[in-house]
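These figures come from a predicted structure and were not determined experimentally. Just so it is clear: chains get the letters A, B, ... in the order the sequence lines come, proteins before strands, and each one is counted from 1.
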2 protein chains.
Amino acid sequence: MAAPEHPRMSDVAHRAGVSLSTVSRALRGAPGVSPAVRARVERAAAELSYVVSRDASSLVTGATGRVAVIVPFLRPWFFGAALAGISPELRAAGLDMLVYEVGDAEALDGYVQALPLRRNVDAVIAVSLDLDDRETKQLDDIGVPVVYCSQRAEGRPSVFIDNVAAAAAGTRHLLNLGHRRVAYVQSRDETGFSWGSLHRRDGYLQAMAEAGAEPLVVTDRAGQRGGAAAMARLLGAPSPPTAVFAESDDVAFGALAVLRRSRVPVPEAVSLLGFDDNDVAAVLDLTTVAQPVHELGAEAARLTARLLRGTADRAEHLRLPTELVVRRSTSVPRTSPGMHLHSHTDLRGRQ
Amino acid sequence: MAAPEHPRMSDVAHRAGVSLSTVSRALRGAPGVSPAVRARVERAAAELSYVVSRDASSLVTGATGRVAVIVPFLRPWFFGAALAGISPELRAAGLDMLVYEVGDAEALDGYVQALPLRRNVDAVIAVSLDLDDRETKQLDDIGVPVVYCSQRAEGRPSVFIDNVAAAAAGTRHLLNLGHRRVAYVQSRDETGFSWGSLHRRDGYLQAMAEAGAEPLVVTDRAGQRGGAAAMARLLGAPSPPTAVFAESDDVAFGALAVLRRSRVPVPEAVSLLGFDDNDVAAVLDLTTVAQPVHELGAEAARLTARLLRGTADRAEHLRLPTELVVRRSTSVPRTSPGMHLHSHTDLRGRQ
DNA sequence: CTGTTAGCGCTTTCAT
DNA sequence: ATGAAAGCGCTAACAG
């Protein structure tokens with residue numbers, strides 16, 4: 001049970017009958033090694049199942065071969081999807097992925113202060129961190145490129161969606177079906193509104209204004225809880241909306257639960273629109289504004305790799321498209337013919 | 001824009017007016033440094049916002065301070081939950097988390113062959129990899145401790161649940177409500193059955209046998225698709241079951257979709273039981289056997305840390321408890337009084 | 001308690 | 001095309 005000391009490069013050199021530097025060159029695919037010798041070295045390495053120590057090479061090259069992915073939380077659907085997009089792209093570029101879950105804004109602050117990443121990664125991908133200017137500047141101090149994923153950061157590489165336009169399009173879907181009383185449910189937690197939340201609301205307001213419809217924004221906690229509470233309030237309003245646009249699918253689920261419990265048929269009495277297109281949305285047949293989370297991650301990773309190769313702009317911006325996924329939670333309103341449709345067709349058939 | 005060279009330990013030493021080794025000791029919290037000097041060194045380091053290079057220390061200590069977490073996929077709910085359990089525990093132990101998504105069994109094979117982890121991590125946590133004996137042995141060759149999370153590996157540290165007992169308990173829940181025709185839906189993909197699948201089925205068979213009830217096992221593809229197909233077949237059986245136990249929540253959702261589409265009331269006509277208790281289960285009010293995924297991850301991480309400190313057994317096993325979460329998708333069967341209940345109470349109230 | 005001296009396992013000039 | 005030698009930034013004996 002004595003530690004089976006792993007072979008070092010000198011072992012390979014010895015076995016192949018060449019020098020250390022030749023092994024180094026051969027294994028890295030560096031030029032200046034004759035095919036014959038290269039093959040011999042490779043065989044020797046394989047026979048010993050030799051693996052280079054990245055620590056040792058990093059020490060001299062200065063590159064670690066690692067990129068840190070910082071996420072606020074690991075559990076929500078969103079981050080699994082983003083990481084799934086990032087991981088293969090990083091791997092393809094020969095980079096390892098370190099994942100750090102930093103928690104809410106406050107925890108992030110302490111984390112960034114300590115700069116533990118400095119000198120220990122080649123780049124960092126910040127996923128949906130919702131940073132303000134000051135925090136963004138702090139991240140700059142890490143001293144390696146920081147790529148923003150699902151957040152737009154001025155003057156820095158970022159990959160994101162146009163929340164304003166996406167939300168406006170979603171709102172117009174409802175408006176075009178004939179709805180006039182369209183409510184928007186937004187959420188805020190202890191640390192305030194997220195950028196996404198704000199931008200989506202702006203898109204909603206913009207579309208409502210363009211249609212000359214009276215906006216109705218309800219704010220509550222985040223998640224299903226908040227959605228449920230908001231929907232309850234909406235149900236008790238003087239003139240309840242015929243359509244509800246929830247900031248996120250999750251909020252929509254909370255609203256949907258209240259609607260079901262109240263025996264309010266969806267979409268007959270109330271149309272419900274979400275945002276995200278998470279896994280649950282399909283199961284619950286929720287119409288939603290889909291954002292390409294996997295792609296957001298993949299693009300961020302590719303951008304990171306290019307940055308590291310020096311073939312990308314230090315401030316490159318990538319805006320990815322969103323898409324309205326129409327399912328069965330939205331339809332023309334029950335009582336009025338659609339503004340732009342000529343018959344009151346129930347898209348869903350009888351319940 | 002010249003690279004702002006990061007300070008090295010010698011810079012700190014110079015600024016603090018001490019030697020290199022003193023700085024090293026002070027910064028690592030090693031003994032043998034006077035409080036005064038230690039403070040001086042720490043101040044100097046802070047002023048320079050100095051961060052040690054792990055690569056350099058690793059080179060000499062032999063420990064990398066990193067553990068690899070290997071998962072087949074990143075996207076499914078399960079892995080986000082597991083990583084969320086692992087991450088903070090690793091961090092608490094001063095370890096960084098590298099995440100590798102290896103894909104299905106075949107890809108894993110190639111991955112393990114290459115041993116890229118060798119010499120580059122201190123330990124690896126294999127999450128739900130569903131390895132057979134040969135593959136497990138291959139992993140041993142990495143040369144560092146491998147902790148199995150959500151899989152039992154004989155003779156190796158592992159954290160898992162008792163799928164047999166959990167499935168038996170779930171089955172008994174259905175039996176005790178008065179169901180006799182209880183079907184079990186299992187899934188298999190191209191690479192065959194998973195261990196979890198097999199064990200859960202065994203638990204089901206065992207409980208059915210004990211109750212003297214005729215088992216009915218249906219096999220189909222994995223995921224919602226499979227659940228839907230299996231349910232469709234069940235609905236066309238000579239004498240359809242009054243209760244269905246799905247191998248996983250996801251499979252249950254597929255079944256549920258078919259049930260809804262067919263206007264078969266759940267649980268009135270068919271009770272449905274899942275396994276996992278994923279996020280969606282709560283939204284859909286699915287009764288399910290909950291497994292503590294977050295805890296599974298956390299325990300695996302803690303075990304890893306202990307192993308690295310040398311304070312854990314090389315073959316320590318941790319069996320975590322599962323729990324039946326009763327929601328509204330299961331009830332006594334419609335037509336017969338419950339075996340162990342005296343009235344035919346509809347637990348759900350009128351639909 | 002503090003400083004000096006060797007390396008850790010690689011990559012990289014610089015020779016040959 | 002290949003080899004010899006000099007470090008990369010740190011830790012770990014070993015002295016003092």
Pairwise side-chain hydrogen bond (donor to acceptor under 3.5 Å, both in side chains) hits with a residue in [range], at least two apart:
range	result
residues 296-307 of chain B	B:Glu89-B:Arg302, B:Glu299-B:Arg302, B:Arg306-B:Glu316
residues 55-71 of chain A	A:Asp55-B:Arg66, A:Thr64-A:Asp122, A:Arg66-B:Asp55
residues 34-43 of chain B	B:Arg43-B:Glu47

### Task
Can you sort out which residues in residues 18-26 of chain A have a heavy atom within less than 4.0 Å of DNA chain D? Ascending by number, please.
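Heavy-atom cutoff 4.0 Å gives A:Val18, A:Ser19, A:Ser21, A:Thr22, A:Arg25.
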
### Task
Could you identify which residues of residues 37-65 of chain A place a heavy atom less than 4.0 Å from some atom of DNA chain D, listed by residue number, or say none?
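Listed by number, they are A:Val37, A:Leu59, A:Val60.
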
### Query
Can you list the residues that meet the side chain to side chain contact (heavy atoms under 4.5 Å, CB included) rule with B:Ala126, with sequence neighbours excluded?
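Once residues adjacent in sequence are excluded, the partners of B:Ala126 under the side chain to side chain contact (heavy atoms under 4.5 Å, CB included) criterion are B:Leu129, B:Leu139, B:Val146, B:Tyr148.
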
### Message
Which residues pass the side chain to side chain contact (heavy atoms under 4.5 Å, CB included) test with A:Asp141, not counting sequence neighbours?
### Response
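Result, side chain to side chain contact (heavy atoms under 4.5 Å, CB included) vs A:Asp141: A:Leu115.
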
### Task
At the 4.0 Å heavy-atom cut-off to chain A, mark where contacts on DNA chain D begin and end, going 5' to 3'.
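Both ends considered, the range comes out as D:dA1 to D:dC10.
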
### Task
Using the test ring-ring contact (aromatic ring centres under 6.0 Å, His included), find all partners of A:His14 that sit at least two apart in sequence or belong to another chain.
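In terms of ring-ring contact (aromatic ring centres under 6.0 Å, His included), with neighbours along the sequence ignored, A:His14 is linked to no residue.
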
### Message
Can a donor-acceptor pair be found, under 3.5 Å and without considering hydrogens, that links the side chain of A:Arg28 to the backbone of A:Ser24?
### Response
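Such a contact is found between A:Arg28 side chain and A:Ser24 backbone.
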
### Message
Strictly distance-based, threshold 3.5 Å: is any side-chain N or O of A:Ser158 a donor or acceptor partner for the main-chain N or O of A:Ala153?
### Response
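It does hold such a pair.
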
### Task
Identify, with sequence neighbours excluded, every residue that meets salt bridge (Lys or Arg N to Asp or Glu O under 4.0 Å) alongside A:Arg8.
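With neighbours one apart ignored, the set is empty.
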
### Query
Which whole-number value in Å describes the distance from A:Arg8 CZ to C:dG7 P?
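Taking CZ of A:Arg8 and P of C:dG7, I get 12 Å after rounding.
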
### Task
Mind calculating the distance between CE (B:Met9) and P (C:dG3) to the nearest angstrom?
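It is 14 Å, rounded to the nearest whole Å.
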
### Message
With a 4.0 Å limit, can you tell me whether A:Arg28 has a side-chain N or O closer than that to the phosphate oxygens OP1/OP2 of C:dT11?
### Response
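It does, given that an N or O in the side chain of A:Arg28 lies less than 4.0 Å from OP1 or OP2 of C:dT11.
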
### Query
Using the C1' atoms of the five pairs at each end, what is the angle between the end axes of the helix from C:dC1-D:dG16 to C:dT16-D:dA1, to 10°?
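It comes to 30° between the two terminal axes.
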
### Task
Name all pairs fulfilling the ring pair (Phe, Tyr, Trp, His ring centres under 6.0 Å) condition that reach into residues 74-119 of chain B, sequence neighbours left out, sorted by first residue then second.
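Matches after skipping sequence neighbours: B:Tyr100-B:Tyr111.
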
### Message
Quick check: do B:Val33 and B:Val41 have side-chain heavy atoms less than 4.5 Å from each other?
### Response
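Result no, sub-4.5 Å side-chain heavy-atom pair not found.
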
### Beyond-backbone contact of B:Ile125 with B:Ile86, side-chain heavy atoms, under 4.5 angstrom
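Result yes, sub-4.5 Å side-chain heavy-atom pair found.
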
#### Entry: CG-CZ distance between B:Asp109 and B:Arg134, expressed to the nearest 0.5 angstrom
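Atom-to-atom, B:Asp109:CG and B:Arg134:CZ are 4.5 Å apart.
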
